[in-house]
Amino acid sequence: MTVYVDDAVHPWRGERWAHLLADTLDELHAFAALLGMPRRAFQDRTSGAHYDVTAAMRARAIALGAMPISRHHDRALVRAVIANARRQGRGEAP
């Protein structure tokens with residue numbers, strides 16, 4: 001299982017947010033469940049490509065084994081992971 005959490009902590013409504021991503025949607029759902037997140041928490045409801053997580057949940061995700069990545073340095077990896085999840089969300093082969 002490869003799960004990633006980026007360092008794009010954007011402020012929104014007084015909190016800082018990052019993105020939780022995974023190589024497959026099943027991995028993403030399973031890891032999000034470990035964090036106690038409801039399945040409806042996807043930002044991209046069409047594809048389920050990632051979850052938005054608070055900065056505190058980001059730290060917890062890293063403690064649980066998520067790989068920290070940088071949106072600025074690992075752009076190709078972030079795009080590939082999201083594109084793969086979107087293909088799966090539309091029912092296409094990975």
Side-chain angles (χ1 to χ4, degrees):
M1 176 189 302
T2 306
V3 178
Y4 310 91
V5 63
D6 71 14
D7 60 358
V9 284
H10 302 291
W12 183 68
R13 293 191 181 184
E15 285 209 59
R16 293 163 55 95
W17 295 82
H19 301 114
L20 183 69
L21 312 128
D23 285 335
T24 69
L25 291 177
D26 289 339
E27 290 173 348
L28 181 63
H29 290 306
F31 199 86
L34 284 176
L35 288 173
M37 298 186 71
R39 192 173 175 128
R40 67 182 179 281
F42 283 124
Q43 177 190 7
D44 187 340
R45 295 182 190 283
T46 307
S47 67
H50 67 274
Y51 276 106
D52 286 338
V53 295
T54 63
M57 288 184 113
R58 177 184 186 275
R60 186 166 172 238
I62 292 169
L64 288 173
M67 179 186 302
I69 58 174
S70 168
R71 270 203 152 208
H72 302 288
H73 296 106
D74 302 318
R75 287 182 186 191
L77 174 63
V78 171
R79 284 189 201 123
V81 170
I82 290 175
N84 184 46
R86 286 187 174 146
R87 280 192 300 276
Q88 291 178 54
R90 289 193 303 262
E92 297 174 19

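Any value given below was found using the heavy atoms of this structure, including those in side chains, with hydrogens, waters and symmetry copies removed.
With rounding to the nearest 0.5 Å, the separation of NE2 in H19 from CD1 in I69 is 10.5 Å. In this structure, T54 OG1 and L20 CG are separated by 11.0 Å, a value rounded to the nearest 0.5 Å.
Every residue meeting the side-chain hydrogen bond (donor to acceptor under 3.5 Å, both in side chains) condition with S70, not counting sequence neighbours, appears here in chain and number order: D7, H73.
Of the candidates D52, L35, I62, M57 forms a side-chain contact (heavy atoms from CB on, under 4.5 Å) with just one, namely L35.
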Steps toward side chain to side chain contact (heavy atoms under 4.5 Å, CB included) verdict (H29, Y51):
CA-CA 9 Å; H29 290 306; Y51 276 106; 3.9 Å; yes
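Without hydrogens or angle criteria, R58 side chain to D6 main chain gives a donor-acceptor distance under 3.5 Å.
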